[in-house]
Visitor: 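Input: one structure, supplied below.
Source: prediction; values computed, not measured.
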Amino acid sequence: MAAETEIRTFLCRSDNIGVLIRDPVSGACAAIDVPEAGPVLKALDETGWRLTDILVTHRHGDHVEGIPAVKRATGARVVAPAKAGNAVPDVDVTVGEGDTVQVGGLTAQVWETPGHCADHVTYWFEEAGLVCSGDTLFTLGCGRVMESPPETLWRSLRRFEHLPDATRVFSGHDYVLSNARFALAAEPDNRDLLARKAEAERAKAEGRFLIPSTMGDERATNPFLRASLPTLAKSVDLAPGTDPEAVFVALRAWKDRF
């Protein structure tokens, strides 16, 4: 039986999520983004893991500003979206749609998932059963649209549809409680969502956060993945049977005002 991939999650800045992913066979270890150097280096010190790779989801400062210090301390290889240009510091390798990245014996497929920003990529570790979605897909939510029409983000979110329910989703921020409030405004009778919000409140009280989520949980509770449902169309004053893309656009606009 193959050894299970090792994961460490921790808070960076005020609400960014740091993630370390380690292949226990080779000892190779990747950080998903470096929002802040201190927490990443602390997590490495606490685990005794050796950082070999930094996998960047997108160029925004709150995801990359800690890279120079962490690279100096560890010598890790920096992998970043080709479309980010020179906005990511200290890049060694650039990637785009269809590429793969090796972290020891772990393989990540690279998806281009624009919408939040034009250069955004997602890392899908199929064999490990986890996906690093950055600011595209959040627990109970999705990223804010910043550099494209909202339809672009909808198409990116649809990339996640084929993933198994057990897939763990590591997103870039802990926005769970605010996302839960919006999700309940859109779908107040969703019992799974009510339970998920209660779970998130317990986690916060205990100093935890609901990241990772799973694709099964997101399908059951995330309104932005449920735009094909008549209840979600009704919540944005659209007729049942309205194209899910149009429902998503209306939901995203509502969330921006919420």
Visitor: Can you confirm whether Val78 sits close enough to Ile67 that some side-chain heavy atom of one is under 4.5 Å from a side-chain heavy atom of the other?
Guide: yes
Visitor: Tell me which one of Lys83, Arg144, His60 satisfies side-chain contact (heavy atoms from CB on, under 4.5 Å) with Cys117.
Guide: His60
Visitor: Would you indicate whether the side-chain heavy atoms of Pro240 and Thr242 approach each other to under 4.5 Å?
Guide: no
Visitor: I'd like to know if the side chain of Arg252 and the backbone of Cys142 have a donor-acceptor N/O pair within less than 3.5 Å.
Guide: yes
Visitor: Quick one: CG on Asp62 to SG on Cys12, what's the gap to the nearest 0.5 Å?
Guide: 10.5 Å
Visitor: Ignoring hydrogens and geometry, is there a side-chain-to-backbone donor-acceptor pair from Arg8 to Ile21 under 3.5 Å?
Guide: no
Visitor: Ignoring hydrogens and angles, state whether a donor on the side chain of Asp192 or Thr221 is under 3.5 Å from an acceptor on the partner side chain.
Guide: no
Visitor: Have Ser213 and Arg196 got a donor and an acceptor in their side chains that come within less than 3.5 Å?
Guide: yes
Visitor: For the salt bridge (charged side-chain N to carboxylate O under 4.0 Å, His left out) test, which of Arg202, Lys204, Arg208 pairs with Glu206?
Guide: Arg208
Visitor: Rounded to the nearest 0.5 Å, what separation is found between the OG1 atom of Thr74 and the CG atom of Leu41?
Guide: 7.5 Å
Visitor: Once rounded to the nearest 0.5 Å, what's the spacing between atom CZ of Arg168 and atom OG1 of Thr5?
Guide: 6.5 Å
Visitor: I'd like to know whether CD of Glu127 has more than 12 heavy-atom contacts from other residues, nucleotides or ligands below 6.0 angstrom.
Guide: no
Visitor: Can you find a side-chain donor-acceptor pair between His63 and Asp135 that sits under 3.5 Å?
Guide: yes
Visitor: Once you round to the nearest 0.5 Å, how far does NZ of Lys71 lie from CG of Leu51?
Guide: 11.0 Å
Visitor: If I take atom CH2 from residue Trp154 and atom CG from residue Leu251, how far apart are they, to the nearest 0.5 angstrom?
Guide: 9.0 Å
Visitor: Would you say the side chains of His173 and Asp15 form a donor-acceptor pair under 3.5 Å?
Guide: yes
Visitor: Determine yes or no for a side-chain-to-main-chain donor-acceptor pair under 3.5 angstrom, with Lys197 supplying the side chain and Leu184 the backbone.
Guide: no
Visitor: Could you tell me whether Asp53 and Arg77 make a salt bridge, using a distance below 4.0 angstrom between a side-chain N and a carboxylate O?
Guide: yes
Visitor: Is there a side-chain contact between Phe224 and Leu137 in this structure, where contact means two heavy atoms from C-beta onward sitting under 4.5 Å apart?
Guide: no
Visitor: Could you go through the side chain to side chain donor-acceptor pair (under 3.5 Å) check for Gln102 and Thr107 one step at a time?
Guide: CA-CA 5 Å; Gln102 291 296 133; Thr107 301; 2.6 Å; yes
Visitor: Is a side-chain donor-acceptor pair under 3.5 Å present for Thr113 with Thr122?
Guide: yes
